[in-house]
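Have a look at the structure below, then the notes.
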Amino acid sequence: MITDRSVFRDDWLPDVQHREAEMTVLTDALTPVLEGDRAEDVLLHGPQGVGKTVLTRAALDRLNRQQPTPSAHVHCLGASTAGIVRSILQELPGSDPARTTPQEELIATLQERVSEPTVVVLDEGDDLPETDILDVLRGVPDISWIAICHDEIDWLSRVDESIRHGLTDRSLQLDKFTTSELTDILEARQRVGLEGGAISREQLRMLADGAAGVARRGIFALRAAAELATERGHTTIEDVDVEDSFDRARRQLREQALESLPLHHHILYEIIRRKGEVRTAAINDRYEAIAAVVYDGRNQTPISKRERRTKLQKLVDYNLIGRRDEERKRVYWACDRSISSPLDLQVPVP
DNA sequence: TCTCCACAGGAAACGTAGGAAT
DNA sequence: ATTCCTACGTTTCCTGTGGAGA
């Protein structure tokens, strides 16, 4: 039933639909490059999964077809200033810098290497105002940036006045799609990714409706529906497959998030998942009780309480665990207890 | 109201891997 | 081969918060 799985992946670049106005703002911002000038900076903001990254990639793709332009797409979440500069250098032509190259030297290399208009995409840039990266980029005359974040007000409140001023008219909001817009988007994906006639327009509308305007959710659900239909021996996708697709899609999104995290997070996640609702102190007790066994032979050592708090925060950010403060207790629980760590952890059952 | 306690999270300090210089 | 240097992940230290109990 699925003829091309790559269509459902995050890195698939579709023809952008229902973002004409936004696309115009972006392409206008990039237009100076065609004259050999630096592009305008842009801030792109909106909820997760509504196509901010896709729109940016599409705009750069369009620019590249008119005028090949160096660009770098950097994931900034949790990265230091030096880390971001290093990622940019890795994407631009030239040799990659060594792991321990001093920050000052990285910046000097960037200034030397960039001699024509270059666009840097700062994805997942919510924490950017805390780093010096915008100042660093300002020191490279040919570099312009497109920052992608969730909360515009928060982001702008933390950058300095000159940057805020430079963004006037170039702070671009992407809202959730309407059901009919998202139906169109799913229609286009299924045309490429599924056998002809596998799904009806009405079923696509149901998927779009269930995804509540979040494109990534809808796309994952479309794939999940096709997978369910195949497993159940249906020749085309049936309504029951669509109904059951949301659960599977949600699971797949969470599994993907968990897989992307390192060992310590998996161990903490498994402790919480197996216990149901659990207090911080109980997590720590359990962690300390099993640490020796779980870390054995893994080339890593148990982490301190303080660092566990940081890891737990990340699990919350990734929507893998929930958290609530009540009285003097902070309580954690797994958002979906059926999702287990793919690592083969020797977490003993209490 | 005051003191004690447990915990959260910010900031500084620390240890280590690995590349460069000698 | 040895020494030096840096980024990064982590630990240590510390301050703030808020409920419990005197």
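Below, chain A is the first sequence line, B the second, and so on; all start at residue 1.
- Atoms CG (A:Asp96) and P (B:dG18) sit 17 Å apart, rounded to a whole Å.
- Close to B:dA8, at under 4.0 Å from its OP1 or OP2, lies no side-chain N or O of A:Arg323.
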For this session: Please report the C-alpha distance between A:Asp123 and A:Thr53 in whole Å, then the side-chain angles of each, then the deciding distance to 0.1 Å, and finally whether the side chain to side chain donor-acceptor pair (under 3.5 Å) criterion is met.
Result: CA-CA 7 Å; A:Asp123 209 340; A:Thr53 301; 2.8 Å; yes
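- Between A:Asn299 atom CG and B:dT16 atom C1' the separation is 13 Å, expressed in whole Å.
- Distances shorter than 4.0 Å separate some side-chain N or O of A:His264 from OP1 or OP2 on C:dT10.
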**OP:** Could you give me the CA-CA distance, side-chain angles and deciding distance for A:Arg86 and A:Thr101, then say whether side chain to side chain donor-acceptor pair (under 3.5 Å) is met?
**Re:** CA-CA 9 Å; A:Arg86 177 174 296 103; A:Thr101 308; 5.1 Å; no
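- Here the nucleotide nearest the side chain of A:Ile303, chosen from B:dC7, C:dT11, C:dA7, is C:dT11.
- Residue A:Asp325 contributes atom CG, which lies 12 Å from atom C1' of B:dG9 at whole-angstrom precision.
- Scanning residues 98-109 of chain A for heavy-atom distances under 4.0 Å to DNA chain B yields A:Ala98, A:Arg99, A:Thr100.
- Between A:Arg86 atom CZ and C:dA7 atom C1' the separation is 7 Å, expressed in whole Å.
- Atom CZ in A:Arg309 sits roughly 10 Å away from atom C1' in B:dA6 (whole-Å rounding).
- Here B:dC14 presents its C1' atom at 14 Å from CD of A:Glu307, a figure rounded to the nearest Å.
- When only modelled atom types and interatomic distance are considered, A:Asp317 and A:Gln313 share a side-chain donor-acceptor pair under 3.5 Å.
- Heavy atoms of A:Pro262 sit nowhere under 4.0 angstrom from any nucleic acid atom.
- Considering only side-chain N and O atoms, A:Lys305 lies nowhere under 4.0 angstrom from the phosphate OP1 or OP2 of C:dT12.
- Protein atom CZ of A:Arg279 is 12 Å distant from nucleotide atom C1' of C:dG19, rounded to whole Å.
- Geometric assessment of A:Arg223 against the ring of A:Phe220 yields a positive cation-pi assignment under the 6.0 Å and 45° thresholds.
- Distance OH (A:Tyr332) to P (B:dC7): 11 Å, rounded to an integer number of Å.
- If you check C:dC8, B:dA8, C:dT11 against the side chain of A:Thr280, the one that comes closest is B:dA8.
- Among the protein residues, A:Thr310 comes within range of no part of the nucleic acid, since none of its heavy atoms lies under 4.0 Å from any strand.
- In this structure, A:Arg217 forms no cation-pi arrangement with A:Phe246, as its terminal cationic atom is not both closer than 6.0 Å to the ring centre and no more than 45° off the ring axis.
- Contact annotation: A:Arg308 does not reach the phosphate of B:dA8 (side-chain N/O to OP1 or OP2, under 4.0 Å).
- Counting only heavy atoms from C-beta outward, the side chains of A:Glu231 and A:Leu228 approach each other to under 4.5 Å.
- Counting only heavy atoms from C-beta outward, the side chains of A:His150 and A:Lys52 approach each other to under 4.5 Å.
- Between the side chain of A:Arg306 and the base of B:dG10, a donor-acceptor pair under 3.5 Å is found.
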